[in-house]
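Not measured: the values here are computed from a predicted model. In listed order, ligands and their atoms are each counted from 1.
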Amino acid sequence: MAEPILEYSNVGLSFDDKRVLSGVSFSVLPGDTYILLGAAGSGKTLLLKLAISLLQCDEGSIRLLGRDITRLRESEMFDLRAEVGILFQEGGLFDSLTIAENVGYPLRNQKNSNTNEDQIEARVKASLDFVELGHTLDKFPSELSGGMRRRVGIARASVTNPKLSLYDSPTAGLDPITAHTIMSLIVKEREIRHTTTVLVTHRYQDGAMMANYRWDKNRNTVYRAAPWGEYANLRTTFLVMNEGRNVFRGTQQELEACRDPYVSQFVLRQPAPKPGAELYQGYLPA
Ligand SMILES: Nc1ncnc2c1ncn2[C@@H]1O[C@H](COP(=O)(O)OP(=O)(O)O)[C@@H](O)[C@H]1O
Ligand SMILES: [Mg+2]
C-alpha cells in the first residue's frame with residue numbers, strides 16, 4: 001500500500017484550558033481528496049495549519065510526505081512546506097505586490113530551489129494561464145474582483161507543483177457562479193496535476209463536485225463522471241468535525257445515508273436536473 005501523503009494519528013490540541021481537537025485520526029493517500037465539513041470553530045482550519053506545522057499538536061502525531069513532523073525543527077519544515085500548496089481562508093494576497101509577484105512568491109521563497117528568474121517568470125505565467133488570468137500579471141490585487149483574487153490564490157498555491165494542496169473555504173463569500181468557477185479550477189488541478197487535495201468548505205456542492213466531476217481537457221470544462229442519482233466517488237472522502245472531534249468519515253453515499261442530526265445538517269440533497277441538462281457545463285470566463 002502507498003505511503004500516506006498526510007496522516008493524523010490521534011491528534012489532540014488545547015489552547016489554555018480549551019480543548020480544540022481530540023483524537024483525530026485519518027490518512028490521506030496519494031490521489032485522495034478529503035472534504036472537511038463542520039460548524040464554525042469545529043477545528044477544520046486548525047487541521048490544515050497542523051498539516052504544515054504552523055502549529056504543533058500536543059497529543060498524537062502527524063506525518064507529512066513520509067516524515068514525522070510532530071516535533072520537526074522549523075528549518076527542516078521549510079523544505080517540506082514547499083511541497084504543499086495552500087489557499088488560506090482569506091486568500092492572503094500581498095496588496096503591495098503585483099499579481100505576478102504574488103504568484104511567484106512561493107518560488108522565490110524556496111530555499112533549495114535552483115529556479116532562475118526566467119524559469120520563475122515562465123512558471124508564473126503558466127500558473128496564471130491555468131486559472132485563465134494570464135492577462136493580469138502587472139495588475140495589483142485591488143484591481144481584481146473577489147473571484148479573480150481567489151483564482152490568483154489558486155495559481156499561487158499550485159505554482160510549485162505541490163504534491164498536496166490544502167484549500168480553506170475557497171468558495172466562501174462568492175456568488176454561486178464564481179464559486180462554481182473556483183471549484184472547476186480545483187477539479188482541473190486535481191485532474192491535470194494529480195494533486196492530492198484536502199478542502200475545507202461550508203458548501204456541500206463543493207464536496208459533491210469533487211466527488212463526482214472530472215475535467216475534460218478537450219472541451220475545457222468539468223463534466224459529471226456518473227449519471228445523476230449515482231456516485232462517481234473519485235476517491236473522495238467526507239469528514240465531518242464537531243467541536244474538535246471527527247464525528248463522521250465516509251463516502252458521499254454514506255454521508256447522505258447518515259441519520260445523525262449534526263452530520264445531516266451539512267448534507268444538501270440536490271434534485272436531478274431536467275432531462276437534457278444532465279451535463280453540468282463548466283463556466284470559465286475569459
Ligand atoms: N490561536 C488560537 N488561540 C486560541 N484558540 C484558537 C486559536 N486558533 C483557533 N482557536 C480555536 O480553536 C477552535 C477551532 O478553530 P478553527 O480550526 O479555526 O475552526 P474552523 O472549523 O471554523 O476552521 C475554535 O474554537 C477557535 O476559537
Ligand atoms: Mg476555519
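The closest side-chain donor-acceptor pair between Thr45 and Asp168 falls under 3.5 angstrom. Side-chain atoms of Glu256 and Tyr204 include a donor-acceptor pair closer than 3.5 Å.
Under the 4.0 angstrom criterion for non-hydrogen atoms, Gly38 is not in contact with ligand 1. Within the structure, the closest approach of Gly244 to ligand 1 does not fall below 4.0 Å when heavy atoms are considered.
Every atom of ligand 1 is numbered from 1 in the order shown, and the set under 4.0 Å from a heavy atom of Lys18 is 24 (C), 25 (O), 27 (O). Listed by atom number, the atoms of ligand 1 under 4.0 Å from Ala40 heavy atoms are 22 (O). The Ala39 neighbourhood of ligand 1 comprises atoms 21 (O), with distances under 4.0 Å to a heavy atom of that residue.
Between the CD1 atom in Ile182 and the OG atom in Ser169 there is a gap of 12.5 Å [rounded to 0.5 Å]. Rounded to the nearest 0.5 Å, atoms CG (Leu48) and CG (Leu54) are 10.0 Å apart. Atom CG of Asp68 sits about 3.5 Å away from atom OG1 of Thr70, to the nearest 0.5 Å. Between the CG atom of Leu36 and the OG1 atom of Thr237 there is a distance of 10.5 Å, given to the nearest 0.5 Å.
Closest protein heavy atom to atom 7 (C) of ligand 1: Phe15 CE1, 3.2 Å. Given atom 17 (O) of ligand 1, the protein heavy atom at minimum distance is Leu46 N, 2.9 Å. At the top of the distance list for atom 22 (O) of ligand 1, counting protein heavy atoms only, stands Gly41 N, 2.7 Å. In terms of protein heavy-atom proximity, atom 18 (O) of ligand 1 is nearest to Thr45 CB, 3.6 Å.
The main-chain N or O of Asp118 is never found under 3.5 Å from a side-chain atom of Glu121 such that the two would form a donor-acceptor pair. In this structure, Arg151 contributes its side chain and Val131 its backbone to a donor-acceptor pair below 3.5 Å.
At a heavy-atom distance under 4.0 Å, no atom of Met241 approaches ligand 1. By the criterion of a heavy-atom distance under 4.0 Å, the side chain of Val20, and not its backbone, is placed next to ligand 1.
Here Thr45 reaches the Mg ion (ligand 2): one of its N/O/S atoms is less than 2.8 Å from the metal.
Note: an N/O pair closer than 3.5 Å links Ser42 and ligand 1 by distance alone.
Tested against Ile35 for a side chain to side chain contact (heavy atoms under 4.5 Å, CB included), the candidates Val240, Leu239, Thr236, Leu255 yield a single pass: Thr236.
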